[in-house]
Enquirer: 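Below is the structure I would like to discuss, written out as C-alpha coordinates.
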Protein chains: 2
Amino acid sequence: MRSAIRLRPVGVVHSRFKEPADLPPPAFAPPRFFEHAIGEIEVFPEFAEALDDIEGFSHIIVLFHFHRSGSPKLKAVPPGQSRPRGIFSTRSPHRPNPLGLSVLKLLGRDGRVLEVSGLDIVDGTPVLDIKPYTSRDRKSRIRTGWLQKRGRPAR
Amino acid sequence: MRSAIRLRPVGVVHSRFKEPADLPPPAFAPPRFFEHAIGEIEVFPEFAEALDDIEGFSHIIVLFHFHRSGSPKLKAVPPGQSRPRGIFSTRSPHRPNPLGLSVLKLLGRDGRVLEVSGLDIVDGTPVLDIKPYTSRDRKSRIRTGWLQKRGRPAR
(Lines give C-alpha, C1' and ligand atoms only; values in the text may rest on other atoms or scores of the structure.)
Protein backbone atom coordinates (compact mmCIF):
# COMPACT_ATOMS: atom_id res chain seq x y z
CA MET A 1 0.00 0.00 0.00
CA ARG A 2 2.88 2.32 0.75
CA SER A 3 5.16 1.22 -2.07
CA ALA A 4 6.42 3.75 -4.60
CA ILE A 5 4.85 4.10 -8.03
CA ARG A 6 6.87 4.74 -11.16
CA LEU A 7 5.39 6.71 -14.05
CA ARG A 8 6.82 7.66 -17.42
CA PRO A 9 5.87 10.61 -19.64
CA VAL A 10 3.49 9.80 -22.50
CA GLY A 11 3.87 13.21 -24.13
CA VAL A 12 4.92 16.83 -23.73
CA VAL A 13 3.26 20.25 -23.58
CA HIS A 14 4.02 22.96 -26.14
CA SER A 15 3.06 26.28 -24.62
CA ARG A 16 3.81 29.96 -25.02
CA PHE A 17 4.60 30.06 -21.30
CA LYS A 18 8.28 29.20 -21.42
CA GLU A 19 9.00 29.60 -17.71
CA PRO A 20 6.87 29.20 -14.58
CA ALA A 21 7.18 32.97 -14.04
CA ASP A 22 5.45 33.57 -17.41
CA LEU A 23 2.29 31.97 -16.12
CA PRO A 24 0.01 34.24 -14.10
CA PRO A 25 -1.72 32.59 -11.14
CA PRO A 26 -5.16 31.72 -12.56
CA ALA A 27 -6.87 33.81 -9.90
CA PHE A 28 -4.95 36.90 -11.02
CA ALA A 29 -5.10 36.47 -14.76
CA PRO A 30 -7.29 38.92 -16.67
CA PRO A 31 -10.79 37.62 -17.41
CA ARG A 32 -10.80 35.03 -20.22
CA PHE A 33 -7.01 35.13 -20.29
CA PHE A 34 -6.63 31.36 -20.39
CA GLU A 35 -9.43 30.89 -22.89
CA HIS A 36 -7.11 32.53 -25.39
CA ALA A 37 -4.06 30.53 -24.32
CA ILE A 38 -3.66 28.06 -27.16
CA GLY A 39 -1.02 25.37 -27.39
CA GLU A 40 -0.39 21.73 -28.11
CA ILE A 41 -0.27 18.43 -26.29
CA GLU A 42 2.12 16.18 -28.20
CA VAL A 43 1.82 12.46 -27.51
CA PHE A 44 4.91 10.33 -28.16
CA PRO A 45 4.67 7.99 -31.18
CA GLU A 46 4.43 4.81 -29.13
CA PHE A 47 1.23 6.08 -27.47
CA ALA A 48 -0.39 7.72 -30.52
CA GLU A 49 -2.97 4.96 -30.98
CA ALA A 50 -4.34 5.65 -27.49
CA LEU A 51 -5.65 9.01 -28.78
CA ASP A 52 -8.17 7.40 -31.11
CA ASP A 53 -11.77 8.60 -30.62
CA ILE A 54 -10.72 11.60 -28.53
CA GLU A 55 -11.84 14.03 -31.25
CA GLY A 56 -15.46 13.56 -30.16
CA PHE A 57 -14.84 15.18 -26.79
CA SER A 58 -14.98 18.94 -26.33
CA HIS A 59 -12.73 18.92 -23.26
CA ILE A 60 -9.92 16.76 -21.94
CA ILE A 61 -8.29 16.34 -18.56
CA VAL A 62 -4.52 16.47 -18.76
CA LEU A 63 -2.45 15.09 -15.89
CA PHE A 64 1.14 16.26 -15.90
CA HIS A 65 4.36 16.37 -13.91
CA PHE A 66 5.07 19.66 -12.16
CA HIS A 67 8.68 19.23 -13.24
CA ARG A 68 9.74 22.75 -12.24
CA SER A 69 8.04 22.82 -8.86
CA GLY A 70 11.00 22.43 -6.51
CA SER A 71 10.55 21.05 -3.02
CA PRO A 72 7.16 19.90 -1.74
CA LYS A 73 5.37 21.68 1.09
CA LEU A 74 2.47 20.81 3.35
CA LYS A 75 1.25 24.40 3.54
CA ALA A 76 1.79 27.41 1.30
CA VAL A 77 0.59 30.99 1.03
CA PRO A 78 -1.37 31.23 -2.25
CA PRO A 79 -0.73 34.27 -4.48
CA GLY A 80 -2.48 37.31 -3.03
CA GLN A 81 -3.32 35.59 0.24
CA SER A 82 -1.96 36.51 3.65
CA ARG A 83 -1.98 33.17 5.42
CA PRO A 84 -0.83 29.65 4.54
CA ARG A 85 -3.33 27.06 3.39
CA GLY A 86 -3.04 23.28 3.43
CA ILE A 87 -1.54 22.25 0.11
CA PHE A 88 -4.42 19.83 -0.60
CA SER A 89 -6.79 22.81 -0.50
CA THR A 90 -4.71 24.62 -3.16
CA ARG A 91 -3.60 23.92 -6.72
CA SER A 92 -0.01 24.85 -5.85
CA PRO A 93 2.71 22.88 -7.67
CA HIS A 94 4.57 22.28 -4.37
CA ARG A 95 2.69 19.06 -3.59
CA PRO A 96 3.86 15.84 -1.91
CA ASN A 97 3.41 14.22 -5.34
CA PRO A 98 4.06 16.82 -8.07
CA LEU A 99 0.96 15.99 -10.14
CA GLY A 100 -0.76 18.78 -12.06
CA LEU A 101 -4.26 18.69 -13.53
CA SER A 102 -5.85 20.98 -16.11
CA VAL A 103 -9.16 20.75 -17.93
CA LEU A 104 -8.49 21.97 -21.48
CA LYS A 105 -10.71 22.66 -24.44
CA LEU A 106 -9.89 20.35 -27.33
CA LEU A 107 -9.79 22.37 -30.55
CA GLY A 108 -8.57 19.63 -32.85
CA ARG A 109 -6.30 16.67 -33.43
CA ASP A 110 -3.58 16.30 -36.01
CA GLY A 111 -2.22 12.79 -35.68
CA ARG A 112 -0.54 12.56 -32.30
CA VAL A 113 -0.83 16.30 -31.56
CA LEU A 114 -3.83 17.84 -29.82
CA GLU A 115 -4.53 21.54 -30.24
CA VAL A 116 -5.98 22.93 -27.02
CA SER A 117 -7.06 26.16 -25.39
CA GLY A 118 -7.20 27.05 -21.73
CA LEU A 119 -3.56 26.04 -21.52
CA ASP A 120 -2.12 27.03 -18.14
CA ILE A 121 0.91 24.73 -18.27
CA VAL A 122 4.60 25.55 -18.78
CA ASP A 123 6.31 24.63 -22.07
CA GLY A 124 8.15 21.30 -21.96
CA THR A 125 6.02 19.87 -19.17
CA PRO A 126 5.87 16.04 -19.24
CA VAL A 127 2.34 14.73 -19.82
CA LEU A 128 1.38 11.68 -17.76
CA ASP A 129 -2.20 10.98 -18.81
CA ILE A 130 -5.07 12.28 -20.91
CA LYS A 131 -8.68 11.54 -20.00
CA PRO A 132 -11.97 12.54 -21.61
CA TYR A 133 -13.97 15.10 -19.63
CA THR A 134 -17.44 13.69 -18.97
CA SER A 135 -20.62 14.94 -17.35
CA ARG A 136 -19.61 13.16 -14.14
CA ASP A 137 -16.72 15.65 -13.83
CA ARG A 138 -19.10 18.58 -14.00
CA LYS A 139 -20.45 19.45 -10.59
CA SER A 140 -23.13 22.02 -9.81
CA ARG A 141 -23.71 24.05 -6.68
CA ILE A 142 -20.07 24.08 -5.73
CA ARG A 143 -18.48 25.87 -2.78
CA THR A 144 -14.85 26.87 -3.14
CA GLY A 145 -13.77 27.69 0.41
CA TRP A 146 -11.03 30.26 0.85
CA LEU A 147 -11.08 31.00 -2.90
CA GLN A 148 -14.56 32.47 -2.51
CA LYS A 149 -13.46 34.81 0.24
CA ARG A 150 -11.15 36.79 -1.97
CA GLY A 151 -12.04 40.09 -3.60
CA ARG A 152 -12.50 38.34 -6.93
CA PRO A 153 -14.95 35.59 -7.67
CA ALA A 154 -13.67 32.02 -7.47
CA ARG A 155 -12.08 30.81 -10.68
CA MET B 1 11.86 15.00 -20.41
CA ARG B 2 11.48 11.26 -20.71
CA SER B 3 12.80 10.35 -17.29
CA ALA B 4 10.69 8.30 -14.89
CA ILE B 5 8.78 9.91 -12.05
CA ARG B 6 8.45 8.32 -8.63
CA LEU B 7 5.38 8.90 -6.51
CA ARG B 8 4.44 7.68 -3.07
CA PRO B 9 0.96 7.22 -1.59
CA VAL B 10 -0.26 10.02 0.68
CA GLY B 11 -3.32 8.11 1.84
CA VAL B 12 -5.72 5.26 1.23
CA VAL B 13 -9.36 4.82 0.19
CA HIS B 14 -11.89 3.10 2.45
CA SER B 15 -14.77 1.93 0.30
CA ARG B 16 -17.58 -0.59 0.34
CA PHE B 17 -16.34 -1.83 -3.03
CA LYS B 18 -13.86 -4.44 -1.88
CA GLU B 19 -12.91 -5.78 -5.32
CA PRO B 20 -12.83 -4.21 -8.80
CA ALA B 21 -15.70 -6.55 -9.76
CA ASP B 22 -17.90 -4.97 -7.05
CA LEU B 23 -17.78 -1.63 -8.85
CA PRO B 24 -20.29 -1.22 -11.68
CA PRO B 25 -19.03 0.70 -14.70
CA PRO B 26 -20.36 4.23 -14.08
CA ALA B 27 -22.29 4.15 -17.36
CA PHE B 28 -24.19 1.06 -16.23
CA ALA B 29 -24.81 1.94 -12.62
CA PRO B 30 -28.40 2.75 -11.67
CA PRO B 31 -29.22 6.46 -11.64
CA ARG B 32 -27.79 8.22 -8.58
CA PHE B 33 -25.99 5.01 -7.61
CA PHE B 34 -22.69 6.72 -6.90
CA GLU B 35 -24.29 9.66 -5.13
CA HIS B 36 -25.14 7.20 -2.38
CA ALA B 37 -21.73 5.57 -2.37
CA ILE B 38 -20.17 6.94 0.81
CA GLY B 39 -16.69 6.19 2.05
CA GLU B 40 -13.52 7.71 3.41
CA ILE B 41 -10.26 9.11 2.17
CA GLU B 42 -7.67 8.58 4.91
CA VAL B 43 -4.54 10.72 4.68
CA PHE B 44 -1.41 9.36 6.35
CA PRO B 45 -0.32 11.22 9.53
CA GLU B 46 2.73 12.83 7.94
CA PHE B 47 0.49 14.62 5.38
CA ALA B 48 -2.43 15.50 7.68
CA GLU B 49 -1.50 19.18 7.85
CA ALA B 50 -1.88 19.48 4.07
CA LEU B 51 -5.65 18.97 4.51
CA ASP B 52 -6.11 22.26 6.35
CA ASP B 53 -8.75 24.56 4.81
CA ILE B 54 -10.24 21.79 2.66
CA GLU B 55 -13.49 21.81 4.64
CA GLY B 56 -14.60 24.92 2.77
CA PHE B 57 -14.80 23.09 -0.55
CA SER B 58 -17.90 21.15 -1.55
CA HIS B 59 -16.02 18.85 -3.92
CA ILE B 60 -12.50 17.45 -4.17
CA ILE B 61 -10.52 15.85 -6.95
CA VAL B 62 -8.81 12.66 -5.84
CA LEU B 63 -5.94 11.25 -7.89
CA PHE B 64 -5.17 7.64 -7.14
CA HIS B 65 -3.19 4.63 -8.26
CA PHE B 66 -5.16 2.02 -10.23
CA HIS B 67 -3.27 -0.62 -8.23
CA ARG B 68 -5.45 -3.52 -9.41
CA SER B 69 -5.51 -2.60 -13.09
CA GLY B 70 -3.13 -5.20 -14.55
CA SER B 71 -1.34 -4.58 -17.81
CA PRO B 72 -1.73 -1.31 -19.72
CA LYS B 73 -3.38 -1.15 -23.13
CA LEU B 74 -3.51 1.42 -25.90
CA LYS B 75 -7.06 0.50 -26.89
CA ALA B 76 -9.87 -1.23 -25.02
CA VAL B 77 -13.51 -2.10 -25.56
CA PRO B 78 -15.49 -0.14 -22.95
CA PRO B 79 -18.27 -1.97 -21.06
CA GLY B 80 -21.31 -2.33 -23.31
CA GLN B 81 -19.47 -1.17 -26.41
CA SER B 82 -18.71 -3.27 -29.46
CA ARG B 83 -15.50 -1.75 -30.70
CA PRO B 84 -12.21 -0.71 -29.09
CA ARG B 85 -11.55 2.94 -28.25
CA GLY B 86 -8.25 4.68 -27.70
CA ILE B 87 -7.48 4.44 -23.99
CA PHE B 88 -7.05 8.25 -23.68
CA SER B 89 -10.69 8.63 -24.79
CA THR B 90 -11.84 6.30 -21.97
CA ARG B 91 -11.59 6.24 -18.19
CA SER B 92 -10.39 2.62 -18.27
CA PRO B 93 -7.87 1.65 -15.56
CA HIS B 94 -5.63 -0.04 -18.19
CA ARG B 95 -3.67 3.12 -18.95
CA PRO B 96 0.01 3.63 -19.81
CA ASN B 97 0.28 5.35 -16.42
CA PRO B 98 -2.23 3.81 -14.00
CA LEU B 99 -3.58 7.12 -12.66
CA GLY B 100 -7.23 7.36 -11.64
CA LEU B 101 -9.24 10.52 -11.08
CA SER B 102 -12.57 11.01 -9.34
CA VAL B 103 -14.45 14.14 -8.38
CA LEU B 104 -16.03 13.44 -5.00
CA LYS B 105 -18.44 15.34 -2.80
CA LEU B 106 -16.82 16.28 0.50
CA LEU B 107 -19.28 15.57 3.32
CA GLY B 108 -16.94 16.30 6.21
CA ARG B 109 -13.52 16.08 7.73
CA ASP B 110 -12.52 14.35 10.95
CA GLY B 111 -8.84 15.05 11.47
CA ARG B 112 -6.99 13.30 8.67
CA VAL B 113 -10.07 11.45 7.37
CA LEU B 114 -12.39 12.90 4.73
CA GLU B 115 -15.92 11.57 4.45
CA VAL B 116 -16.99 11.62 0.81
CA SER B 117 -19.81 10.55 -1.47
CA GLY B 118 -19.72 9.67 -5.14
CA LEU B 119 -17.03 7.15 -4.30
CA ASP B 120 -16.31 4.94 -7.32
CA ILE B 121 -12.93 3.66 -6.10
CA VAL B 122 -11.94 0.22 -4.81
CA ASP B 123 -11.16 -0.27 -1.11
CA GLY B 124 -7.45 -0.05 -0.29
CA THR B 125 -6.59 2.10 -3.30
CA PRO B 126 -3.49 4.26 -2.73
CA VAL B 127 -4.27 8.00 -2.87
CA LEU B 128 -1.67 10.14 -4.65
CA ASP B 129 -3.11 13.65 -4.45
CA ILE B 130 -6.13 15.64 -3.33
CA LYS B 131 -7.05 18.92 -5.01
CA PRO B 132 -9.89 21.37 -4.43
CA TYR B 133 -12.52 21.40 -7.19
CA THR B 134 -12.89 24.96 -8.46
CA SER B 135 -15.09 26.72 -11.00
CA ARG B 136 -12.30 26.37 -13.58
CA ASP B 137 -12.88 22.60 -13.51
CA ARG B 138 -16.56 23.05 -14.34
CA LYS B 139 -17.08 23.24 -18.08
CA SER B 140 -20.34 23.99 -19.83
CA ARG B 141 -21.56 22.95 -23.26
CA ILE B 142 -19.54 19.77 -23.28
CA ARG B 143 -19.53 17.08 -25.94
CA THR B 144 -18.66 13.56 -24.84
CA GLY B 145 -17.95 11.71 -28.08
CA TRP B 146 -18.66 8.00 -28.18
CA LEU B 147 -20.22 8.19 -24.70
CA GLN B 148 -23.07 10.26 -26.14
CA LYS B 149 -23.83 7.70 -28.82
CA ARG B 150 -24.89 5.01 -26.39
CA GLY B 151 -28.49 4.24 -25.48
CA ARG B 152 -28.07 6.01 -22.16
CA PRO B 153 -27.15 9.63 -21.66
CA ALA B 154 -23.48 10.40 -21.09
CA ARG B 155 -22.44 10.16 -17.48
Enquirer: Short question: side chain of B/Ser69, backbone of B/His94 - any donor-acceptor pair under 3.5 Å?
Expert: no
Enquirer: What option among A/Leu99, A/Asp129, A/Leu7 has the most heavy-atom pairs under 4.5 Å with chain B?
Expert: A/Leu7
Enquirer: Quick one, A/Arg68 with A/Glu19, criterion salt bridge (charged side-chain N to carboxylate O under 4.0 Å, His left out). Give me CA distance, side-chain angles, the key distance, then yes/no.
Expert: CA-CA 9 Å; A/Arg68 304 280 301 268; A/Glu19 298 291 326; 2.5 Å; yes
Enquirer: Between A/Gly86, A/Ala50, A/Ala4, A/Pro98, which has the largest tally of heavy atom pairs under 4.5 Å with chain B?
Expert: A/Ala50
Enquirer: Which heavy atom in A/Leu119 sits nearest to a heavy atom in A/Ser15, and how many Å separate them?
Expert: CD2-CB, 3.7 Å
Enquirer: Rounded at 0.5 Å granularity, tell me how far NZ in B/Lys139 sits from CD1 in A/Ile61.
Expert: 10.5 Å
Enquirer: In terms of heavy-atom proximity below 4.5 Å to chain A, should B/Ser140 be classed as side chain, backbone, both, or neither?
Expert: both
Enquirer: Could you look at B/Lys75 and say if it's the side chain, the backbone, both or neither that has a heavy atom under 4.5 Å from chain A?
Expert: side chain
Enquirer: Check whether B/Glu46 gets within reach of chain A through its side chain, its backbone, both or neither, counting any heavy atom under 4.5 Å.
Expert: both
Enquirer: Specify which of A/Ile130, A/Leu51, A/Asp120, A/Val43 makes the most heavy-atom pairs with chain B at under 4.5 Å.
Expert: A/Ile130
Enquirer: Using a cut-off of under 4.5 Å for heavy-atom pairs, which of B/Ala48, B/Gly56, B/Ser58 has the most such pairs with chain A?
Expert: B/Ser58
Enquirer: Does any heavy atom of chain A fall under 4.5 Å from the side chain of B/Leu63, the backbone, both, or neither of them?
Expert: side chain
Enquirer: Could you tell me the separation between the CD atom of A/Glu115 and the CD atom of A/Glu42, rounded to the nearest 0.5 Å?
Expert: 14.0 Å
Enquirer: Does any backbone or side-chain atom of B/Leu101 lie under 4.5 Å from a heavy atom of chain A? Answer side chain, backbone, both or neither.
Expert: both
Enquirer: Hey, does the side chain of A/Arg95 reach the backbone of A/Asn97 with a donor-acceptor pair shorter than 3.5 angstrom?
Expert: no
Enquirer: Is it the case that B/Arg91 places NZ or CZ above or below the six-membered ring of A/Phe57, under 6.0 angstrom from the centre and within 45 degrees of the axis?
Expert: no
Enquirer: Find the one option among B/Leu106, B/Ile5, B/Leu74 whose heavy-atom pairs under 4.5 Å with chain A are most numerous.
Expert: B/Ile5
Enquirer: Report the option among A/Phe88, A/Phe47, A/Tyr133 that has the most heavy-atom pairs separated by less than 4.5 Å from atoms of chain B.
Expert: A/Phe88
Enquirer: Going by heavy atoms in the side chains, are A/Val10 and A/Leu128 under 4.5 Å from each other?
Expert: no
Enquirer: Using heavy-atom distances under 4.5 Å, tell me whether A/Ser102 contacts chain B through its side chain, its backbone, both, or neither.
Expert: neither
Enquirer: Quick one: of A/Ile142, A/Thr90, A/Val103, A/Ile87, who has the most non-hydrogen atom pairs under 4.5 Å with chain B?
Expert: A/Ile142
Enquirer: Working note: A/Asp53 + B/Arg83, criterion salt bridge (charged side-chain N to carboxylate O under 4.0 Å, His left out); need CA distance, chi angles, decisive distance, verdict.
Expert: CA-CA 11 Å; A/Asp53 307 293; B/Arg83 74 175 195 78; 3.0 Å; yes
